[in-house]
Amino acid sequence: MLKDLLAELTPRIAEFRRDIHAHPELAFDEHRTAAKVAAYLDGLGLVVHRGVARTGVVASLSRGSGHRAIGLRADMDALPLTEMNTFAHQSKHEGRMHACGHDGHTAMLLGAADALSRLGDFDGTVYFIFQPAEEHEGGGRVMVEEGLFDQFPMEMVFGMHNWPGMAAGSFGVTDGPVMAGTDRFEITLTGRGGHAAMPHQAVDVVLAGSALVQALQSLVSRNTDPLDSAVVSVTRFHAGHAYNVLPESAVLGGTVRTLNTPLQDKLEAGLRRVCRGIEATYGVSIDLRYERGYPPTINAAGPTRIAREVASQVVQRLGVGGHVLSDLPPSMGAEDFAYLAQARPGCYVWLGNGNESDPTTGNGAGNGGGCMLHNPRYDFNDEIIGTGITYWVSLAERALSRE
Ligand SMILES: [Zn+2]
Ligand SMILES: [Zn+2]
C-alpha cells in the first residue's frame with residue numbers, strides 16, 4: 001500500500017530535502033546534488049544517465065511490455081541569494097539559497113521514483129528528469145537541444161512547482177498558458193553630441209529616446225488584442241552627464257512579457273519597427289539587441305485533463321483538506337519547463353506550499369509555507385511531500401494504465 005510506504009518514505013525524503021537545502025548549488029553547478037540524486041536512483045535499480053545537459057540526471061523505470069512512455073520533471077538549482085532563515089538546515093553557503101523550493105521538487109520526484117520502483121502498477125516507461133539551471137540559462141532548453149526526447153522518447157511530459165500563498169496540499173491546474181514568456185531588450189541610440197545651446201548642430205538622443213519610450217507603449221495599447229495579455233516595460237534609460245552637453249548616445253533597456261508565442265513574435269517585430277521609425281524621424285541610429293528568454297509555458301489539453309483528474313483523486317484520497325483550483329489566472333513569471341512543453345504535450349501544475357507565515361520569525365519551516373518564492377526567508381514545506389509523491393505516483397499509473 002502506498003499509504004504504508006509513505007509513512008516510512010516521507011521522513012527519509014524530508015531529510016534528503018533538508019540536506020540539499022543546506023548545500024544549494026547554482027545553475028549548471030549542481031554537481032553534489034546530481035551525484036546524490038544519481039546515487040539514490042542507482043540504489044533503486046533504475047537505469048541512470050548522468051551528465052545530461054552537463055549536470056542533469058535522467059533515470060528510467062519500465063514495467064510490462066508496453067512502449068508508451070512519459071516524463072516527470074524536477075529542477076535542482078538554487079538562487080544567488082543569502083538565506084536569512086536560522087533553522088538547522090539553513091544554507092551553508094553565503095550567497096546561495098534554495099529560495100524557490102527546487103530542493104523539495106527534487107526530493108519529491110526521488111520519492112516518487114522510490115515508490116514506483118517498489119509498487120508501481122503501470123505498463124510502459126517512466127522517465128525521471130532532474131534538470132539543471134531552471135532559474136538562469138535554461139537547463140530545460142539545453143536538455144531539449146541535446147536530444148532529450150530523441151534519447152528518451154516519451155509522449156507526454158509533466159512538471160510541478162510548489163506555490164506559496166496556496167493552501168498546503170491544494171493543486172492549481174490551469175488550461176493553456178500558465179506562465180509567461182520573458183524577453184529582454186537593450187536599445188542603443190547614437191546621435192551627435194554637442195552644445196546644449198546649439199541643438200541644431202547636434203542630433204539629440206535624449207529627445208529621440210523619450211519619443212521611443214512613448215512609442216513603445218503603443219505596442220500593447222494599440223497593437224495587442226485587448227483580450228490578450230502583454231507587458232512592455234522600459235526599465236532603464238541612461239544618457240548624459242552634464243547640464244550643458246547633449247550626449248552622443250543613450251542606452252535603454254527593458255522586458256517584454258507575453259502568454260503566447262505569436263504575440264511574442266509580433267511584439268519583437270513591433271519593437272524593431274518602432275526603432276526604425278524613430279531613426280527616420282529623429283536622424284539617430286539605433287542598435288536593438290532583442291534577446292529571447294523563456295517562451296510561455298502552455299499546458300496541452302490531453303495531459304492537463306489527466307493531471308486534473310489525478311490531482312482531484314489525490315486530494316480526495318489523502319483527505320488533507322486540499323482543493324483542485326482550475327480557474328487560477330496565469331502567472332507573468334517564467335519557467336523553463338516551457339521548452340519541454342514546446343517539444344511534447346505537457347502539463348505544469350502548482351502544488352500549494354501553504355498560505356500562512358509566522359509573523360514572529362517569518363521562517364518558512366513549520367510556519368505553513370506562506371513565504372513567497374525568491375524571498376530570503378522562504379522554505380519548502382515538508383508537509384506537502386506526501387501529497388507531491390502521491391501525485392507523481394498516481395499520475396504515472398494513470399497515464400500508463402494497463403488497459
Ligand atoms: Zn524561481
Ligand atoms: Zn522555481
Side-chain angles (χ1 to χ4, degrees), residues 17 20-21 23-30 33-34 37 53 55-57 71-85 91 93 95-110 129-143 157-166 168 171-174 177-182 184 255 257 293-299 328 330-341 346-354 364 369-382 384-385 387-388 391-392:
R17 199 283 294 179
I20 47 179
H21 186 95
H23 301 90
E25 296 173 303
L26 300 181
F28 290 124
D29 203 28
E30 307 92 336
T33 309
V37 165
T55 43
V57 178
L72 311 179
R73 169 275 203 177
D75 37 17
M76 299 191 292
D77 57 321
L79 282 158
L81 191 73
T82 295
E83 178 154 12
M84 288 175 71
N85 293 312
S91 171
H93 301 282
R96 280 189 252 159
M97 177 189 174
H98 269 295
C100 205
H102 299 182
D103 48 345
H105 304 163
T106 298
M108 288 191 296
L109 189 57
L110 271 185
I129 305 165
F130 295 87
Q131 77 146 80
E134 191 287 317
E135 296 287 0
H136 301 286
E137 305 178 47
R141 175 179 49 78
V142 179
M143 279 191 142
V157 64
F158 296 89
M160 172 160 56
H161 206 292
N162 78 96
W163 210 246
M166 191 191 295
F171 287 89
V173 187
T174 301
V178 58
M179 304 285 281
T182 63
R184 63 175 69 178
T255 182
R257 311 231 161 187
Y294 297 171
T297 303
I298 314 287
N299 281 343
L328 296 171
S331 162
M332 291 312 267
E335 167 56 69
D336 88 341
F337 181 77
Y339 293 105
L340 278 65
C347 179
Y348 177 86
V349 302
W350 291 322
L351 171 59
N353 197 53
C371 184
M372 288 297 125
L373 300 173
H374 293 207
N375 183 291
R377 294 190 186 280
Y378 167 86
D379 192 27
F380 179 82
N381 185 355
D382 287 334
I384 65 174
I385 286 176
T387 309
Y391 170 75
W392 281 138

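Indexing begins at 1, ligand by ligand and atom by atom, following the structure's order. The shown structure was predicted, so the numbers you read here are calculated from the model rather than taken from an experiment.
Counting only distance, with no hydrogens or angles, the side chain of N85 and the backbone of Y378 share a donor-acceptor pair below 3.5 Å. Remark: the backbone N or O of G139 is paired with a side-chain donor or acceptor of D336 at under 3.5 angstrom. Between the E134 side chain and the G140 main chain, no donor and acceptor come within less than 3.5 Å of each other. One N or O on the side chain of N299 and one on the backbone of T174 form a donor-acceptor pair closer than 3.5 Å.
Under 2.8 Å from the Zn ion (ligand 2), one finds the following protein N/O/S atoms: C100 SG, H102 NE2, H161 NE2.
For R141, the salt bridge (charged side-chain N to carboxylate O under 4.0 Å, His left out) partners are E145, not counting sequence neighbours.
Side-chain contact annotation: E335 with T297, donor-acceptor N/O pair under 3.5 Å absent.
Restricting H374 to its N, O or S atoms, the one at the least distance from the Zn ion (ligand 1) is NE2.
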